[in-house]
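Atoms considered below: every heavy atom in the structure, side chains included; atoms not considered: hydrogens, waters and symmetry mates. Being a predicted model, the structure only gives us computed values, none of them experimental. Order of appearance sets the numbers: ligands from 1, and atoms from 1 within every ligand.
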Amino acid sequence: MLRKMELLNFTDLYRFGNPFKTGATLINFDDKFHENSKTPDFFEVSSADKKIILKYNLDEKDAVYGLGQSLGGINKRGKKYRLYATDDPLHTPEKESLYGSHPFLIIKGKNTFGFFIDFPGEIVLDVGFTQTNLFTVEVSRDDFDLYVFNNADVFLIIKEFLTLTGTPYVPPKWAFGFGQSRWSYPDEKTVTDIADNFRKNKIPCDMIFLDIDYMDNYKVFTVDKKKFPNFKKFVSKMKDKGFRLLPIIDPGVKIEKGYDVYEEGLKNNYFCKDEKGNNFTAAVWPGLTHFPDFTNKTTRRWWGGLYKRLTDEGIEGFWNDMNEPALFYTKEGLDDLKKTNEEVLSKEDPGFDFFKIKDKANGLSNKASDYKRMIHITDKNEKYTNEDIHNLYGYHMTKATSDAFSEFKKNQRYFLLSRSSYVGLHRFAAIWMGDNQSWWEHMLVHIKMLISLNMCGFFYTGADVGGFGCNASPELAIRWQQLGAFTPLYRNHAAIGTRNQEPWAFDEKTMDITRDIINFRYAMSPYIYSEFMKATIELKPFIKPIFFIYEDDISKNIEDQFFFGDSIMVCPIYTPNQRGRFVYLPESKWLMWNLKKYDQTNLKIYQSGSYFIEAGIDEIPIFIKENSLTILTEPQNYTNEKPLLKLKVIGFVTDKASFTYFEDDGVSYDYKNGNYASLKIFVEKKETDYEIFFDVVESKDNKILIEEIDFEIYDEKNQIFIKKIGKNNFYKFSN
Ligand code: MIG
C-alpha cells in the first residue's frame, strides 16, 4: 500500500506499508495522508518478494550525490552501495558497505531533486554500475518512508532535509582542537608521557583518547586499577594541563560472574535474545559477551546511566565503538564450521583444502545468519531480528549515551563519537570514518567522505589522520596532518602494532612542520568556530564541494578541493613525492596563501583558471575567495588557555566583504536562546582605501572580549592595506 502527503516547503512523503519508527525524523506524520497515491514522482516502482525496487533513468549528465559514509566518488555514479552497517577494517575500492547508513541522495542534472529513504534494514543502490544510465534502489522490505525533496537548489534540499531530521550536533569548543590517539595508550605513565611531549615540544593539543586497554579485561565501564590507580585524580591532573581524556566504550558486555554490569543486565533482561529466548552470545574483545538491546528504552536508560561512572571521575566525552554491532564469531558459527568441514579439519595435512576453510573462518565475523538470530524486543513488546533493523544498533546505543548526558549534564555540551550511525544520529553525536589505512589513496577517500558526510548533516567529522592500519611514512604523516587541519574533527589515530605517528615519532623536521600545521589550526580557531556555528544555525554544510557553489562545467569535475567555511578553499596534496598540484579556480579572483606558518603571510592574487601550484612539503595551498574575510588569532597550547583578546583579519576585498565572529561560553547550549555575542566585521573598498565598520551584538552573559583587530586586506592589484582598530571603534555603528 502506498500513501502520500505533502509537508514542509517542498517535500512529498510516500509511505510504503507500515514502516518501523526509526527516529530519524523529528516530526510524526501519522495523520495527514492521502489514501493510496499513485507511484512517487521521478521513480518507477516495482516489487519482488517483499522487496521494493525504485528505478530512475539517469541522464548522461546527471550527477548523484549523497550517501554520507560510503566509498566511491562524491558523484556516486558507476558504483554499487549496500547500506548495511559493517565493521570492515579494509576500505578497498570495491567495498559496498561501511559502518553507517545514510540513505539521503541528491540527483542534479536534467531533473534536480533529493530523496531520503527512511528504512533501518538493508538497501542496495546500483548507481549506474550494472547499466550506465540506470539507477536502481532495492529496499529489502516493503515497509518504509520515501521523502522526495522537490527543488532545484542543492543547498535548499539539504536545508529541507535537515529541517526534517534535525540540527547538527555541536561539540564543546575544545573539540575543535587537536586530538592524539593510539590503540593504545594503556596506562598513566604512557598518557602522561604523551601529554608532556606535547607541552615540551610546544605543540598544541586538547584531547587524548583512551582505547580499549584502559579497561580491566575489556570489561566495559571499568578502569584497570593497576594501570590507573587513581583515575579521578589523574583525569583532573590532565585537565589542569589542558587535556581531556576520552575513553572508548564497546557494546559487548563480558560474561563474567560477579561483574556488575553483566549481573545487572542479566537480572533485568537487558540483553538481546536468540531464537530460543536465551541471551544472544557472541565473541568480541572481552571474549564471550551479551549485547544490550538498545531498541528498548529501559535498556537505554540503564546503559546511559553507566556512563555516569566515568563522568563522575571527570570524563567529558566518549567514543562508542564496535556498534554495528561487530561480532567476531558465535558458538553456532564455529559449530557450523566444524560440522560442515569435518573432513578437512580432521586431516593431518589438509593441502589446498585449507584455503576453503580459511575463507570460511574469515566469514565467521559479522555473519548474516548471526544477525538473523539476534532478537530485539521493543518497548511495545514487538520482536525484530537484528537483520530487520540492523542499521539502528549504533544509533540507539549512542542515543542512550546522549540522552543520559542531557540528564546528568544539564545544559552542557559533550564530546561523543559513534562508529556506526544512521540518519538522525547527526543531531546528538558525531562519527569518525573508521579504520582507514596509512595509504595515500585513503587521503582522497577522507576528502570525499568529508564532503558527502557534511551533505547528510554530519558536519563535525574526520578520519584517522595519518591512517589507522599500516605504517605511515614521514611524508604521508605530514601531508595528512595538513589535510586534517581542515577537517572539523582533527584526530591522529593508529592501530596497535603499527609505527607510531605522534608529531615527534619521525624526525626533527617532521615534528617542526607538524607543529606549524597544528599551530595554524589553533590560529584559525575563531574562524572555524564562527563558521561552524553559522553552518549549524543556517543548516548549510560547513564543508562544501566547489560544485555546490559554482555551476560551470569544470567545477563539476573537481572532487579534491573543498570549502572550509565560506571563505577558504583548500587544495590538499594527497599524493607522494609531489611538490605541488593542479588546482582549478572557478569564476572569481582568488588570494592564494601557500601556507607555511600562521604568522607568515605571503599572498598572491590569481585570476580564475587552471594552474599548477608549487607547494613544498611544509606548504599547503589554500585560497581565500574574492570579497571574503578570514580571521586568525595567536595559537595556544590548548583551547581557552588564555582569553582571546586579539584578532587578525586577512581578507581579499575588491568590492565589499563581511565576516561574523561568534563568541559564547563554548560549553553550554545557551547560544540556542540567543545568549552569545557576535561581532560582524564589514570591509568596503573605496576609491583609495577601505572603510571598516562593525556591528556588535551582545547578550546577558556574553560580551565581545576582543580588544584589538589587525587588518591585512588585499585588493585585486595585490596591494596590501593594513590597519589596527581598537575596541572603542567596534560600537560606533552598532545598535
Ligand atoms: O576491532 O578499539 O575503529 O578506532 O582503535 C578493532 C580498537 C576495534 C576499532 C576502531 C578503532 C579502535 C579499535 N577498534
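- Using a 4.5 Å heavy-atom cutoff, the side chains of Val223 and Leu310 are in contact.
- Near Asp435, with a cut-off below 4.0 Å to any heavy atom, the atoms of ligand 1 are 3 (O), 4 (O), 9 (C), 10 (C), 11 (C).
- Put simply, the side chain of Lys273 does not reach to within 4.5 Å of the side chain of Asp293, judged on heavy atoms.
- Atoms of ligand 1 lying under 4.0 Å from at least one heavy atom of His493, given by number and element, are 4 (O), 5 (O), 11 (C), 12 (C).
- Between His426 atom NE2 and Leu453 atom CG the span is 11.5 Å, to the nearest 0.5 Å.
- Annotation for ligand 1: atoms under 4.0 Å from non-hydrogen atoms of Trp285 are 1 (O), 6 (C), 8 (C).
- For ligand 1, the atoms closer than 4.0 angstrom to any heavy atom of Ile212 are 2 (O).
- Annotation: Asp87 places no N or O atom under 3.5 Å from an N or O atom of ligand 1; distance criterion only.
- Of all atoms in ligand 1, numbered sequentially from 1 with element shown, those under 4.0 Å from a heavy atom of Asp321 are 2 (O), 3 (O), 8 (C), 9 (C), 10 (C), 12 (C), 13 (C), 14 (N).
- No side-chain N or O of Asn341 forms a donor-acceptor pair with one of Lys356 less than 3.5 Å apart.
- Neither the backbone nor the side chain of Ile496 comes within 4.0 Å of ligand 1, counting heavy atoms alone.
- Atom numbering of ligand 1 starts at 1 in the shown order; those under 4.0 Å from a heavy atom of Phe468 are 4 (O), 5 (O), 11 (C).
- Of all protein heavy atoms, the one lying nearest to atom 7 (C) of ligand 1 is Asp211 OD1, 3.2 Å.
- Between atom CD of residue Glu96 and atom OH of residue Tyr81 there is a gap of 10.0 Å, rounded to the nearest 0.5 Å.
- Trp432 carries Arg491 over the face of its six-membered ring, with the cationic atom under 6.0 Å from the centre and within 45° of the normal.
- Ile315 places none of its side-chain heavy atoms less than 4.5 Å from the side chain of Leu246.
- Distances below 4.0 Å separate heavy atoms of Trp319 from the following atoms of ligand 1: 4 (O).
- Phe405 is not listed as a side-chain neighbour of Gln412, based on a closest heavy-atom distance of 4.5 Å or more.
- For ligand 1 and Arg419, the ligand atoms under 4.0 Å from any heavy atom of the residue are 3 (O), 9 (C), 10 (C).
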